[in-house]
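Structure first, commentary second.
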Amino acid sequence: MTGEMIFVAVVIILMLVGLLFEVIRADFLIFLTLVVFLLTGVISSSQALSGFSNEGMITVLLLFIVAGAIQKHGIIELVIYRLLGQAKNIKSSMAKVLLPVGLSSGFLNNTPIVIALTPIIKDWAIDNGYSPSKFLIPLSYMTILGGTITLIGTSTNLVVHGLLLNSGLEGFSFFTLTVIGVPITIVGFLYLLTVGYKLLPEHLGAKQQISKETKEFLAEVVIEDNFEYRDTSIKELGQETFEGIYIIEILRGDKRVSPINGLTKIREGDHIIFSGSLNTIAKIQKYKGISLKTGTELTLDDVKNDDNLLVETVVSHNSSLINRTLKQTNFKNRYDAGVIAIHRNNQRIKSRVGDIVLKTGDTLLLIADQAFIENHKHSSDFYVVNSVNPPDNLKQDMTKGWIGLILLISMILVVTLGWLTMLEAMLILVVLLVGLRFINPNEIVSFIQFDVILLIASAFGVGAAMTESGLAQYVASALTELAAPLGILGVIVILYIVTNIFTEIITNSAAAVLMFPIAIEMANAMQVDYMGLVVVIAIAASASFMTPIGYQTNLIVYGPGGYKFTDYIKVGGPLSVLVMLVATSLIYLVWF
């Protein structure tokens, strides 16, 4: 290895370690790695910027807009809600939901699908006496599998397509991956209804578990006229009386005091709802002029009123909240919402809420108003998984929803017939959606996941550094030599396994970008069709089932389903092996 190859390898290993331990946001970390390679001369400025102008990358951006416009009108939610109906048999109900979910995720962005359907399916399961955990992991897995059916099923497919075009090679057709995607989706569907169903746990969701434990941490005090610290700020009270508690909200008459900060003053008649330990609650009870209502009387429903809602949010991969406490983020003022409790790995964290260091996948149970959902439903900091009333939620313009769906199908037909490229068709479709007023410019900005765009575009430059330094060729030679005694099938399997490990550690698209140059070099070294090995990368990068952090949809259902980290290994492990066996066998038969 040359000195430059060693340098690139060390930087990439440090990046992977940083991603694994969530040192900083994933998109910033990969962008920082790109900057290091640019400043040290490993790559040129044009190579560093190649990801931001790549055709596949721009198509991903447009896909976010198209999917957002169609999902805005609630078509998928409406179909699923009607399919669920009254439960007669849990497996038949699962089948009715999972099949259309898998199909729709082949044509729409799967992250919004899971965000929209999680509360509907969760509430339906509870109403019918089932555990949500029997449904939510299958929901995530089916969207992942369905995303492998077409070119636009997931951003990973489009990114790999863009890499092929960038390399002067022929890209994917709209249905190149279908020959692999359909079989693995069917196999995954059958697994989830049989073996997977038996392995799925029966947990309460985060909200339900927290509801059972409210008496341990949630309390309410009423400030009486003889309280000696009336008209004193929360900051001053926090040093003595309110030390060790986290104020969720203050009710003054029939109004909610907002925003709450250190300068907010406590007044006679205020109802203060807070979380704290039993010792803290007992300490506050001793102060004259404070009437304490203990958690044995207070429930989560008591903190709601006509203006406030209980909202579940899941901390995302690229959240600015990661590795910071609620105090440090100034959460109450920043989002105008109070955190009731934090749930991690199927347990409520029993420390003082304000001092908990947040991690990816943490479920925050908030008290907030309807405006919070509208303002933050597309936030990069967390996924808003709010309980909804489907009939009310779906009072939208269904006509526009169906027209949008027809336009999408027409676009797919035009691309399949070769009349337009995917980029051209997407551009025309976005113009039509704006022109017909299906969406407005403000919504366009909210639909685009800029953190994902930055991450993937930066990963292009990191991939270029591997190629330019010769590291990709070196790794490809080592993998080829390792797999050579096993033949081309051995190469396929090893390439699949390495890509799949990366996608569980980092994000799927980043894994695909890093492995792409290695796959091309392996194809050149063995003098075989590059397309087969590139398909291996695309499928393996999407097949993330064994961790909640490997894929966004797994993370979204993590808290609402009340899952433990090990549940993903138990249910997703066999599925990963099954999908690998089917995918690698079919790729070998079709391309080699």
Side-chain angles (χ1 to χ4, degrees), residues 56 58-80 83 96-117 139-162 171-186 188-189 398 400-430 432-433 438-439 447-449 452 508-509 535 538-539 541-543 551-553:
I58 296 170
T59 309
V60 170
L61 186 148
L62 295 171
L63 181 63
F64 284 139
I65 300 170
V66 172
I70 293 171
Q71 290 162 350
K72 169 188 174 182
H73 298 288
I75 288 292
I76 295 170
E77 295 96 312
L78 176 67
V79 171
I80 295 300
L83 282 173
K96 285 193 297 183
V97 170
L98 296 183
L99 278 175
V101 163
L103 180 63
S104 61
S105 63
F107 301 92
L108 294 171
N109 187 4
N110 48 20
T111 300
I113 291 176
V114 175
I115 290 174
L117 295 186
L139 170 67
S140 174
Y141 286 176
M142 281 302 291
T143 61
I144 293 172
L145 291 165
T148 63
I149 292 175
T150 72
L151 174 59
I152 64 170
T154 176
S155 59
T156 306
N157 299 346
L158 284 165
V159 166
V160 175
H161 172 68
F172 293 147
S173 71
F174 194 86
F175 293 108
T176 295
L177 299 170
T178 307
V179 68
I180 310 299
V182 169
I184 64 174
T185 301
I186 293 171
F189 171 72
M398 288 293 111
K400 282 190 174 181
W402 287 115
I403 292 173
L405 205 55
I406 291 168
L407 287 173
L408 176 63
I409 294 169
S410 302
M411 181 270 293
I412 292 168
L413 183 62
V414 166
V415 173
T416 305
L417 293 172
W419 295 349
L420 293 173
T421 66
M422 177 59 67
L423 178 61
E424 292 167 342
M426 282 284 188
L427 282 168
I428 292 170
L429 185 53
V430 169
L432 283 172
L433 291 170
F438 282 41
I439 49 175
F447 290 150
I448 299 171
Q449 297 176 26
V452 176
N508 49 336
S509 294
V535 170
I539 298 295
S542 289
Y551 205 94
Q552 288 175 319
T553 57

Interatomic spacing from CG in L408 to CG in L432 - rounded to 0.5 Å: 12.0 Å

One should read off an interatomic distance between I539 CD1 and T148 OG1, to the nearest 0.5 angstrom, of 4.5 Å

State which residues pass ring pair (Phe, Tyr, Trp, His ring centres under 6.0 Å) with F447; sequence neighbours excluded, sorted by chain then number. H378

Between N508 and T156, is there a side-chain donor-acceptor contact under 3.5 Å, judged purely by atom types and distance? yes

Does S104 reach the main-chain N or O of V101 with its side chain, forming a donor-acceptor pair under 3.5 Å? yes

To the nearest 0.5 Å, what is the distance between CG on L151 and OG on S173? 8.0 Å

Show the numbers, then the answer: is there a side chain to side chain contact (heavy atoms under 4.5 Å, CB included) between M426 and I152? CA-CA 10 Å; M426 282 284 188; I152 64 170; 3.9 Å; yes

Those residues that, when tested against S155, pass side chain to side chain contact (heavy atoms under 4.5 Å, CB included) (two or more places apart): V60, I456, S509

How close do I412 and T416 get, heavy atom to heavy atom, and via which atoms? O-OG1, 2.7 Å

Between V415 and A425, the two heavy atoms sitting closest are CG2-CB, 3.5 Å

For a quick test of reading the model, state the closest non-hydrogen atom pair linking I184 to G181 and the distance between them. CG1-O, 3.4 Å

Of all residues at least two apart in sequence or in a different chain, which pass the ring pair (Phe, Tyr, Trp, His ring centres under 6.0 Å) check with Y551? none

Residues two or more places apart in sequence or in another chain: which of them pass side chain to side chain contact (heavy atoms under 4.5 Å, CB included) with L413? L417

I'd like to check L433 versus I65 (side-chain heavy atoms, cut-off strictly below 4.5 Å). Are they in contact? no

Between the side chain of N157 and the main-chain N/O of G147, is any donor-acceptor distance below 3.5 Å? yes

Quick one: side chain to side chain contact (heavy atoms under 4.5 Å, CB included) partners of L99, sequence neighbours excluded? F189

If we check side chain to side chain contact (heavy atoms under 4.5 Å, CB included) with T553, which of these qualifies: V114, I115, I113? V114

Do you know the tightest heavy-atom contact between N110 and S105? CB-CB, 4.2 Å

Mind running side chain to side chain contact (heavy atoms under 4.5 Å, CB included) on T59 and L63 for me, showing each step along the way? CA-CA 6 Å; T59 309; L63 181 63; 5.6 Å; no

Check whether any side-chain heavy atom of I406 lies under 4.5 Å from a side-chain heavy atom of S410, and answer yes or no. yes

CG of L139 to OG1 of T143, rounded to nearest 0.5 Å, is 6.0 Å

Tell me, do L62 and L423 make a side-chain contact under 4.5 Å, heavy atoms counted? yes

Closest non-hydrogen atom pair between S542 and T154, with its separation: OG-CG2, 3.7 Å

Compare every heavy atom of A543 with every heavy atom of I144, then report the nearest pair and how far apart it is. CG2-CA, 4.4 Å

Mind checking the OG1-NE2 spacing from T421 to H161? Nearest 0.5 Å is all I need. 7.5 Å

For L103, which residues count as a side chain to side chain contact (heavy atoms under 4.5 Å, CB included) partner, sequence neighbours excluded? F107

